[in-house]
2 protein chains.
Amino acid sequence: MATRDPIRMFRDYLRRKGLRCTAERDEIVQALQRTSHHFRVEDVVADLAARGSSASRATVYRTVPLLVEAGLLCVGDALPGGEFTYEFVHGRDHHDHLCCLRCHERIEFAERGIELLQIDVARHHGYRLVGHHLDLFGICPKCQALEQGGG
Amino acid sequence: MATRDPIRMFRDYLRRKGLRCTAERDEIVQALQRTSHHFRVEDVVADLAARGSSASRATVYRTVPLLVEAGLLCVGDALPGGEFTYEFVHGRDHHDHLCCLRCHERIEFAERGIELLQIDVARHHGYRLVGHHLDLFGICPKCQALEQGGG
DNA sequence: GTGGCTGCAAAGAATTTGCAAAGGG
DNA sequence: CCCTTTGCAAATTCTTTGCAGCCAC
């Protein structure tokens, strides 16, 4: 397994960018590993606070964009109020998402057929495909039921 | 051209849901047609204000989620500060994007096969599919050539 | 030793909400 | 008529920012 330590990956990224490796940044990455797979920034803040970490809310907010750029996080969908969800993508197989517009349930799926067609599209345009980002939006079964019941 | 009138599409949606067709909601859809293809909620608010529309900011915010669910709008990228961009989708004129990571060329494409598979995925999970957001990332032919030349 | 990083708390924005009045079906 | 929708503006909530001291390099 080539799964590398995410803390190390982030440090490598920071060094490449001439930024500094700090205890706070390490702690934030550790928090990502403890937090649920799909999470909000506030979840990380809460986790750190509960552990008595020295990393503050502001530092978390300042670090998240770096983590996204480093490839450790993906931006997910938005919650009412404009808050974002993120996904910790380190060391996991690629997958796409099916999201409920109502309750924001987030189902992961991998569809070989779609990926193959993507390769076709890229090739048709002469592109060498590197990656993709696919979100499907819809209404989940539960919310559909509520709808008919009189939601 | 099979493109249906978006106002009518929205009204149909509202009726299906037992919601009401109002002048304000019509005006918001009209504003979408005037606003640039990718826009922010505040752009719509500004457009309506400039026209002296009776639709207020609150109403716009309350209507946008309905438009997304109705399939007339797609959620686009997020801006710093948590603000969203939206995209006005004309019925079946929907398209996805193929982006070059080097030169940021942005090609639009529509691949029926992918869309059909998406419907399958959604159905398999019991979801009613409303929309999707797909970006392919790669290297365009020109940049590939430069690469080999010694980029 | 230097320049980036951090915490704190207040500022800044975007979005939501409550309530009474107006209007669609 | 009943129930949804609306406007207004305050409230809520997420995110950014300014500054002084600390710390990685």
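Every chain is numbered from 1 and lettered A, B, ... according to where its sequence line falls, protein lines coming before strand lines.
- Shown here are the side-chain contact (heavy atoms from CB on, under 4.5 Å) partners of A/R16, two or more places apart in sequence or in another chain: A/D12, A/Y13.
- As rounded to whole Å, 16 Å separates atom P of C/dG24 from atom CZ of B/F10.
- Rounded to whole Å, atom C1' of C/dG4 lies 12 Å from atom CG of A/L66.
- Under a hydrophobic-cluster definition in which Ile, Leu, Val, Met, Phe, Trp and Tyr are linked whenever side-chain heavy atoms come within less than 4.5 Å, directly or via other members, B/I107 and B/V89 are assigned to different clusters.
- The aromatic ring centroids of A/H95 and A/H37 lie less than 6.0 Å from each other.
- For A/E115, the salt bridge (charged side-chain N to carboxylate O under 4.0 Å, His left out) criterion is met by no residue, not counting sequence neighbours.
- Under the side-chain contact (heavy atoms from CB on, under 4.5 Å) criterion, A/T63 pairs with A/F10, A/R25, A/I28, A/T59, A/L67, sequence neighbours left out.
- Residue pairs meeting the salt bridge (Lys or Arg N to Asp or Glu O under 4.0 Å) criterion with at least one partner in residues 51-67 of chain A, sequence neighbours excluded, are A/E42-A/R57.
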Start with the C-alpha distance between A/R34 and A/D43, add both sets of side-chain angles, then the distance that settles salt bridge (charged side-chain N to carboxylate O under 4.0 Å, His left out), and finish with yes or no. CA-CA 10 Å; A/R34 292 188 297 267; A/D43 294 329; over 6 Å; no
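- Between B/F39 and B/L73 there is a side-chain heavy-atom pair separated by less than 4.5 Å.
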Under 3.5 Å, which protein N or O atoms sit close to an N or O of nucleotides 10-15 of chain C? Give each pair with its distance.
{"from": "C/dT15", "atom 1": "OP2", "to": "B/Y61", "atom 2": "OH", "distance (Å)": "2.4"}

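- DNA chain D lies under 4.0 Å from at least one heavy atom of each of the following residues of residues 13-26 of chain A: A/R20, A/C21.
- Atom pair A/D77:CG and D/dC14:C1' shows a separation of 16 Å (rounding to whole Å applied).
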